[in-house]
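First the structure, in the form of structure tokens, and then the observations on it.
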Amino acid sequence: MSDLFDIDLATARQRRSLKWRRYPDDVIPLWVAEMDFAVAPVIAERLESLLEGGDFGYPPEPPERGTSEFGEAVAGWMSRRHGWSIDPSMVSITPDTMRVLEIAIAQFTEPGTPVVLTDPVYYPFRVVIEDAGRLPLWVPMVHSGQRWELDLGALAEAFAQESVRLYLHCNPHNPTGTVFTIEEMQAIADLAEQHGVLVVSDEVHSGLAHEALHVPFATVTPTIAERTITASAASKAFNFAGLRCGFAIAGSRKLHDQIRAVPTRQRKLTSLPGYEATIAAFTGGDPWLEALNSHLIEMRDHVVTRLGAIDRSLVTSVPSASYLLWTDWRQFDIGSEPATFLLEEARVALSSGGDYGPSGEGFLRVNFGTSRAILDEAIDRIEVAVAR
Ligand SMILES: Cc1ncc(COP(=O)(O)O)c(C=O)c1O
């Protein structure tokens, strides 16, 4: 199956998604979080059956309190992959993961109040907070030996602020690749309970945890589910972000009702292909995902070795999940914006660290969700550019 991931540059360039279309043809794009692989055969077959029938109507929505094929598929996946038993009727479909964060901000916080997030974090977290007229309250990730960890003392201080009601947790963490331990999450959960803070746990990268075990935040203490909304999607692990389908899992009936109190028009619907692809992924995608994860571990180790050979301090930690590497370029004399330098001088597009939070200046996020051949071509170019 590993041939599935052996993409050459010419083939990848034919892709019509954002990753390959934003920059000119001579640029190797290792930026936005998409992979360069075709979807799992089980998903392609399901989509082909829609195409054959010309079946592109509205997707069915799970009944408010009943079960549905979608809810059952999500529940089956959570149970099988993460040992997490959920009530399928507590799954609410959204067009993407970020919509869950937007709903939580709107439903559980007031305009002008702070919302807690980590520094750095996937930059739309800040965007949705600011777009809703709320204030980002950054809590630093600190580098501890081999990995990035959350500064729990700073988190306690943030939660202690009177007006704080919501924390946006990201696990596995984008961009650092940290998979939080149960102990770390129990400490976060204790603080949330102590200060009456609601947690939205974005677990969209959870299917891509490598050696580390992904534990759903809602399960880390007996009572934390009561104040947890899990935001996720099949689209990150299974590489179909363009089909627009995510979901929320409410940890309590009360939270579920508050999510469902948002009118459907504002919650917004998914597409039928997104709905069907999610069911296909979660009911039959396991073998493909196992093969993908083996490939990603190989690519991760390869990129870590090659970038480390350019400069040992480039690689700040080896990610425990997903296909994103957080790299530190501050020791290079390549101007204030390393992403611009590498785009112009190496013709490689990487994500600029400053977008991910105040601490991200001088860092770049590298997407290694591609083939060895494409990575090698990109890293060869980077090596030559920085040596000049
Ligand atoms: C942590 C995290 N959350 C959300 C998203 C976006 O997901 P969606 O397109 O489903 O909103 C991403 C995309 O990379 C992500 O890394």
Worksheet entry | Test log, rule salt bridge (charged side-chain N to carboxylate O under 4.0 Å, His left out), inputs Glu377 and Arg13 | CA-CA 14 Å; Glu377 171 68 25; Arg13 263 200 216 299; over 6 Å; no
Any donor-acceptor N/O pair, [X] side chain to [Y] backbone, under 3.5 Å:
{"X": "Arg381", "Y": "Arg347", "answer": "yes"}
{"X": "Arg134", "Y": "Thr109", "answer": "yes"}
{"X": "Arg300", "Y": "Leu325", "answer": "no"}
{"X": "His195", "Y": "Glu157", "answer": "no"}
{"X": "Glu226", "Y": "Thr223", "answer": "no"}
{"X": "Ser271", "Y": "Leu243", "answer": "yes"}

Determine all donor-acceptor pairs shorter than 3.5 Å in which one atom belongs to a side chain in residues 354-362; sequence neighbours excluded.
from: Tyr356; atom 1: OH; to: Arg365; atom 2: NE; distance (Å): 3.3
from: Tyr356; atom 1: OH; to: Arg365; atom 2: NH1; distance (Å): 3.4
from: Ser359; atom 1: OG; to: Asp119; atom 2: OD1; distance (Å): 2.8

Worksheet item: Which pairs pass salt bridge (Lys or Arg N to Asp or Glu O under 4.0 Å) with one or both residues in residues 229-251, sequence neighbours excluded?
Response: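 Sorted pair list: Asp96-Arg244.
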Worksheet item: Which residue pairs satisfy the salt bridge (Lys or Arg N to Asp or Glu O under 4.0 Å) criterion with at least one member in residues 313-335, sequence neighbours excluded?
Response: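 Checked against salt bridge (Lys or Arg N to Asp or Glu O under 4.0 Å) - neighbours excluded - the pairs reaching residues 313-335 are Asp328-Arg330.
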Worksheet item: Does a side-chain N-to-carboxylate-O contact under 4.0 Å join Arg81 and Glu290?
Response: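 Yes, Arg81 and Glu290 are salt-bridged.
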Discussion item. Looking at Glu110 and Arg165, is any side-chain nitrogen of the basic one under 4.0 Å from a carboxylate oxygen of the acidic one?
Written reply: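 Judged by the 4.0 Å cut-off on N to carboxylate O distance, Arg165 and Glu110 do not form a salt bridge.
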Discussion item. Ignoring hydrogens, what is the shortest heavy-atom contact between Ile43 and Ala281? Give both atom names and the distance.
Written reply: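 Looking at all heavy atoms of both residues, the shortest contact is CD1-CB, 3.8 Å.
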Contact check, side chains of [X] and [Y], non-hydrogen atoms, under 4.5 Å:
{"X": "Val42", "Y": "Trp288", "answer": "no"}
{"X": "His256", "Y": "Ile259", "answer": "no"}
{"X": "Thr176", "Y": "His143", "answer": "no"}
{"X": "Trp138", "Y": "Arg126", "answer": "yes"}
{"X": "Phe125", "Y": "Val115", "answer": "no"}
{"X": "Val304", "Y": "Phe368", "answer": "no"}

Output all residues satisfying side-chain contact (heavy atoms from CB on, under 4.5 Å) with [X], sequence neighbours left out; order by chain, then residue number.
{"X": "Pro114", "value": "Leu137, Gln161, Ser163, Val164"}
{"X": "Ser49", "value": "none"}
{"X": "Pro59", "value": "Thr270, Leu272, Tyr275"}

Practice prompt. Enumerate the residue pairs fulfilling ring-ring contact (aromatic ring centres under 6.0 Å, His included) with a member in residues 34-61, sequence neighbours excluded, ordered by first and then second residue.
Written response: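 Of all non-adjacent pairs touching residues 34-61, those that pass ring-ring contact (aromatic ring centres under 6.0 Å, His included) are Phe5-Phe37, Phe37-His295.
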Output a table of donor-acceptor pairs, distance under 3.5 Å, between side-chain atoms of residues 148-155 and any protein atom two or more places apart or on a different chain; print 'none' if there are none.
from: Trp148; atom 1: NE1; to: Thr316; atom 2: OG1; distance (Å): 3.0
from: Glu149; atom 1: OE2; to: Arg147; atom 2: NH1; distance (Å): 3.2
from: Asp151; atom 1: OD1; to: Gly153; atom 2: N; distance (Å): 3.1
from: Asp151; atom 1: OD1; to: Ala154; atom 2: N; distance (Å): 3.0

Discussion item. Applying side-chain hydrogen bond (donor to acceptor under 3.5 Å, both in side chains), can you list everything that pairs with Asn293, at least two apart in sequence or on another chain?
Written reply: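 Result, side-chain hydrogen bond (donor to acceptor under 3.5 Å, both in side chains) vs Asn293: none returned.
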Fill in: Non-neighbouring partners of Glu298 that pass side-chain hydrogen bond (donor to acceptor under 3.5 Å, both in side chains), sequence neighbours left out
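Listed in chain order: nothing, the list is empty.
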Roughly how far apart are [X] [atom1] and [Y] [atom2], rounded to 0.5 Å?
{"X": "Arg260", "Y": "Gln107", "atom1": "CZ", "atom2": "CD", "answer": "13.0 Å"}
{"X": "Leu375", "Y": "Arg372", "atom1": "CG", "atom2": "CZ", "answer": "8.5 Å"}
{"X": "Ser68", "Y": "Ile279", "atom1": "OG", "atom2": "CD1", "answer": "7.0 Å"}
{"X": "Met90", "Y": "Ser252", "atom1": "CE", "atom2": "OG", "answer": "6.0 Å"}
{"X": "Glu102", "Y": "Asp131", "atom1": "CD", "atom2": "CG", "answer": "7.5 Å"}
{"X": "Asp190", "Y": "Ile224", "atom1": "CG", "atom2": "CD1", "answer": "8.0 Å"}

Fill in: Result of checking Val100, Thr113, Val200, Val128 against Ile105 for side chain to side chain contact (heavy atoms under 4.5 Å, CB included)
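Going through Val100, Thr113, Val200, Val128 one by one, the side chain to side chain contact (heavy atoms under 4.5 Å, CB included) with Ile105 is satisfied by Val128 alone.
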Worksheet item: In terms of heavy-atom contacts, does CZ of Arg312 have more than 12 from other residues, nucleotides or ligands at under 6.0 Å?
Response: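 No, the 6.0 Å shell around CZ holds no more than 12 heavy atoms from other groups.
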Discussion item. For Arg16, I'd like to know if atom CZ has over 12 heavy atoms of other residues, nucleotides or ligands within 6.0 Å.
Written reply: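 No.
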Item to complete: Give the other cluster members for Val27, using side-chain heavy-atom distances under 4.5 Å between Ile, Leu, Val, Met, Phe, Trp and Tyr residues; answer none if it is isolated.
Response: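 Val27 shares its hydrophobic cluster with Leu18, Tyr23, Trp31, Val32, Leu343.
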Worksheet entry | Stepwise side-chain hydrogen bond (donor to acceptor under 3.5 Å, both in side chains) test for Thr278 and Arg46 | CA-CA 10 Å; Thr278 301; Arg46 189 113 174 178; over 6 Å; no
Discussion item. Under a 3.5 Å threshold, yes or no: a donor from one side chain and an acceptor from the other, between Arg80 and Thr283?
Written reply: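 Per modelled atom types, Arg80 and Thr283 side chains form no pair under 3.5 Å.
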Let me have the donor-acceptor pairs involving side chains of residues 201-208, under 3.5 Å, with sequence neighbours excluded, atom names and distances please.
from: Ser201; atom 1: OG; to: Glu203; atom 2: OE2; distance (Å): 2.6
from: Asp202; atom 1: OD1; to: Val204; atom 2: N; distance (Å): 3.1
from: Glu203; atom 1: OE1; to: His214; atom 2: NE2; distance (Å): 3.0
from: Glu203; atom 1: OE2; to: Phe217; atom 2: N; distance (Å): 3.0
from: His205; atom 1: ND1; to: Ser322; atom 2: OG; distance (Å): 2.7
from: Ser206; atom 1: OG; to: Glu203; atom 2: O; distance (Å): 2.7

